[in-house]
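Read the structure below first, then the notes.
Worth saying up front: this structure is predicted, and the values here are computed from it rather than measured.
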Amino acid sequence: MPYVNIKITREGHVTAAQKKALIAGVTQLIGDVLHKNTKSLVVTIDEVDMDNWGIGGVPVTEIRKAAAKAAKEAEKARKEAEKAAAKAEKEAARAKSKAKKKAAKEEKQKK
């Protein structure tokens, strides 16, 4: 009798319907791949607190905090870059307008 244990973090707030779909999908997969009787297949899902789940020696809660901070900093940098680009566009438009006016004035003085 095959036994499959799925471990997920609690952060995703997995619904009962999603768990049901996981159980059905894994059961079908094991039946198809291993040609096992799905009637005797056991599937369990364990939800683990993020503080009890670590990757590379770091709890997932710390990894998520660092990722959120990095995303916030990246968004701030993106907004600053957009402001700088808009400012540069305005300055370029002003310079172009000024150059046109100067050229028109010089053309007028030639005549």
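Residues V14 and V4 share a hydrophobic cluster, clusters being chains of Ile/Leu/Val/Met/Phe/Trp/Tyr side chains in contact below 4.5 Å. V42 and V26 end up in different hydrophobic clusters when Ile, Leu, Val, Met, Phe, Trp and Tyr side chains are linked at under 4.5 Å.
Shortest non-hydrogen contact noted between L41 and Y3 is CD1-N, 4.3 Å. Heavy-atom minimum distance, T38 versus G31: CG2-CA, 3.8 Å. Contact between E11 and M50 at its shortest, heavy atoms only, is CB-SD, 3.2 Å. Closest approach of T27 to I23, counting heavy atoms only: OG1-O, 2.7 Å.
Once rounded to the nearest 0.5 Å, the distance linking CD1 of I8 with CG of L22 reads 7.0 Å. To the nearest 0.5 angstrom, D51 atom CG is 11.5 Å from R10 atom CZ. Distance check, rounded to the nearest 0.5 Å: NZ of K83 to NZ of K87 gives 11.0 Å. Here the OG1 atom belonging to T61 is positioned 8.5 Å from the CD1 atom belonging to I63, to the nearest 0.5 angstrom.
Side chains of T44 and I6 form no contact here, defined as non-hydrogen atoms less than 4.5 Å apart.
Under a 3.5 Å cut-off, the side chain of E62 and the backbone N or O of P59 do not form any donor-acceptor pair. Under the 3.5 Å distance criterion, the side-chain polar atoms of N37 are matched with a main-chain donor or acceptor of K39.
Using a cutoff of 4.0 Å between basic side-chain nitrogens and carboxylate oxygens, E47 and K19 are scored as salt-bridged. The existence of a salt bridge linking R78 and E75 is confirmed by a sub-4.0 Å separation between a basic side-chain nitrogen and an acidic carboxylate oxygen.
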